[in-house]
Protein chains: 2
Amino acid sequence: MTTAAHSHSGHAHEGPSWSEHVLARFEREGFRAGGARAAVVELLAEQDCCLSAQEIFDRLRGGGRSVGIASIYRVLDQLFQLQLVQRVDVGGGVARFEAAHPGGDHHHHLLCNGCGRVVAFEDAALEAELDRVAERLGARVAGHELVLHGACADCSRG
Amino acid sequence: MTTAAHSHSGHAHEGPSWSEHVLARFEREGFRAGGARAAVVELLAEQDCCLSAQEIFDRLRGGGRSVGIASIYRVLDQLFQLQLVQRVDVGGGVARFEAAHPGGDHHHHLLCNGCGRVVAFEDAALEAELDRVAERLGARVAGHELVLHGACADCSRG
DNA sequence: GCAATAATGGGAACGGTTTTCATTACCGAT
DNA sequence: ATCGGTAATGAAAACCGTTCCCATTATTGC
Ligand SMILES: [Zn+2]
Ligand SMILES: [Zn+2]
Ligand SMILES: [Zn+2]
Ligand SMILES: [Zn+2]
């Protein structure tokens with residue numbers, strides 16, 4: 001279930017590509033090269049929204065690449081430690097991951113309880129408000145995660 | 001780990017108490033009375049932030065009440081279905097639950113990566129902004145969940 | 001009280017994630 | 001180019017939160 005889809009519009013391919021950026025970072029950080037890591041990074045790079053470990057596993061298998069599920073979790077953890085991916089938790093006990101772009105160009109998610117889709121959205125004013133809240137709390141907020149629950153535009157129109 | 005604490009200030013005890021409200025609702029809904037449900041509701045009523053099923057289990061055990069973990073999950077699910085509790089997910093694969101007060105008086109959480117505490121906060125302007133976002137998306141948003149990650153006021157001052 | 005049946009709790013089952021460990025592959029030194 | 005030390009990998013087991021199953025207990029209408 002949860003056929004991940006998105007309502008993104010923009011996101012052109014610019015700059016030194018996320019996967020190159022990531023692989024370079026790994027090398028700089030002293031990691032060795034490895035096929036599993038490259039495969040996961042490459043796959044994540046071509047998504048524009050979150051995937052679960054199992055989804056990554058299935059897609060790599062489908063694409064001929066045989067990567068152990070343990071390696072996938074390992075790579076995801078490494079990426080997360082280096083803040084190169086964002087962990088997205090839409091409930092159901094499964095963690096999802098998506099590329100964290102350096103430009104801070106991040107989005108949030110609406111989980112539709114009608115069709116089960118995950119709809120991504122961005123909102124600059126919301127981000128500004130969140131910054132303001134962080135300041136008011138006196139906390140050094142490194143990141144945030146927001147999930148809206150409800151009926152997406154399609155489902156609420158029907 | 002994760003010693004749940006809070007920075008709440010307000011929250012006076014007013015009205016017909018959350019537990020009474022909840023128990024009445026269960027009766028109206030055709031449920032029979034039961035010890036496990038009463039115990040869980042009573043415990044949740046005296047918290048001002050979220051508890052996990054295991055934490056509820058431990059506290060009830062500690063308080064002499066022996067309640068099966070299965071019953072706790074069942075009651076939490078019933079409460080959730082009736083929208084009497086809010087499910088809070090601060091990651092780590094454990095679901096937490098807290099009383100949902102009828103007045104819509106809900107709060108959000110900052111997960112401190114320094115001390116591990118969960119700090120609760122409210123912000124009316126943020127809620128308004130979230131409403132605006134929902135409207136812009138054209139979605140019928142039933143609820144939302146926000147988690148901030150970073151160093152709480154105490155930890156970022158140290 | 002009595003019967004019907006909902007509520008409960010122990011334990012097994014389940015599914016996602018982590019750990020273990022033997023094997024493979026990378027990379028610097030030779 | 002080869003070798004050796006060691007990181008990376010993947011299969012399988014372990015782990016852990018949650019759900020399911022079912023025999024027992026407790027509640028409610030009669
Ligand atoms: Zn996304
Ligand atoms: Zn944001
Ligand atoms: Zn809370
Ligand atoms: Zn809110």
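To find a chain, count down the sequence lines: A is the first, B the second, and so on, and within it residues start at 1.
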- Could you go step by step and tell me if His144(A) and His108(A) meet the side-chain hydrogen bond (donor to acceptor under 3.5 Å, both in side chains) rule? CA-CA 9 Å; His144(A) 56 243; His108(A) 295 288; 3.2 Å; yes
Given protein heavy atoms under 4.0 Å, the one-letter contact record of nucleotides 24-30 of chain D, with B base, S sugar-phosphate only and - none, is simply --BBS--
Whole-Å gap separating [atom2] ([N]) and [atom1] ([X]):
X	N	atom1	atom2	answer
Phe57(A)	dA11(D)	CZ	C1'	10 Å
Phe80(B)	dT18(D)	CZ	C1'	15 Å
Gln54(B)	dC15(D)	CD	P	16 Å
Tyr73(A)	dA12(D)	OH	C1'	15 Å
Gln81(B)	dT19(D)	CD	P	11 Å
Asp77(A)	dG16(C)	CG	P	19 Å
Asp58(B)	dG17(D)	CG	P	10 Å
Gln78(B)	dA6(C)	CD	P	13 Å

Expected list for residues 63-72 of chain B near DNA chain C, using heavy atoms below 4.0 Å, is Ser66(B), Val67(B), Gly68(B), Ala70(B), Ser71(B)
Are His109(B) and Glu98(B) close enough, and set up right, to give a side-chain hydrogen bond (donor to acceptor under 3.5 Å, both in side chains), and what steps lead you there? CA-CA 12 Å; His109(B) 303 91; Glu98(B) 64 190 16; 3.3 Å; yes
- Using a heavy-atom cut-off of under 4.0 Å over every strand shown, decide if Arg61(A) touches base, sugar-phosphate, or nothing. sugar-phosphate
Exercise. So what does Arg74(A) touch, heavy atoms closer than 4.0 Å: a base, only the sugar-phosphate, or nothing?
Worked result: base
- Query: Crowded around Glu27(A) CD? As in, over 12 foreign heavy atoms under 6.0 Å?
  - Reply: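 Not buried by this count: 12 neighbours or fewer within 6.0 Å.
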Point to revise | Ion pair check, Arg96(A) and Asp89(A), cut-off under 4.0 Å | key: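 No, this pair does not count.
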| query | Are Glu129(B) and Arg132(B) within salt-bridge range, i.e. N to O under 4.0 Å? | reply |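 Salt bridge: yes.
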In short, Arg65(B) meets Gly35(B) closest at the heavy-atom pair NH2-O, 3.1 Å
Minimal heavy-atom distance between Ala120(A) and Cys49(A), with the atoms involved, is CB-SG, 4.1 Å
Are [X] and [Y] side-chain neighbours, meaning at least one heavy-atom pair lies under 4.5 Å?
X	Y	result
Arg32(A)	Phe26(A)	no
Leu79(B)	Arg37(B)	no
Asp105(A)	Glu122(A)	yes
Arg25(A)	Leu84(A)	yes

The dot-bracket string of DNA chain D, counting Watson-Crick and G-U wobble pairs with both distances under 3.5 Å, using [ ] for crossing pairs and | for pairs to another strand, is ||||||||||||||||||||||||||||||
Could you work out which one of dT9(D), dT18(C), dG9(C) sits closest to the side chain of Arg37(A)?
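Per side-chain heavy atoms of Arg37(A), the pick is dT9(D).
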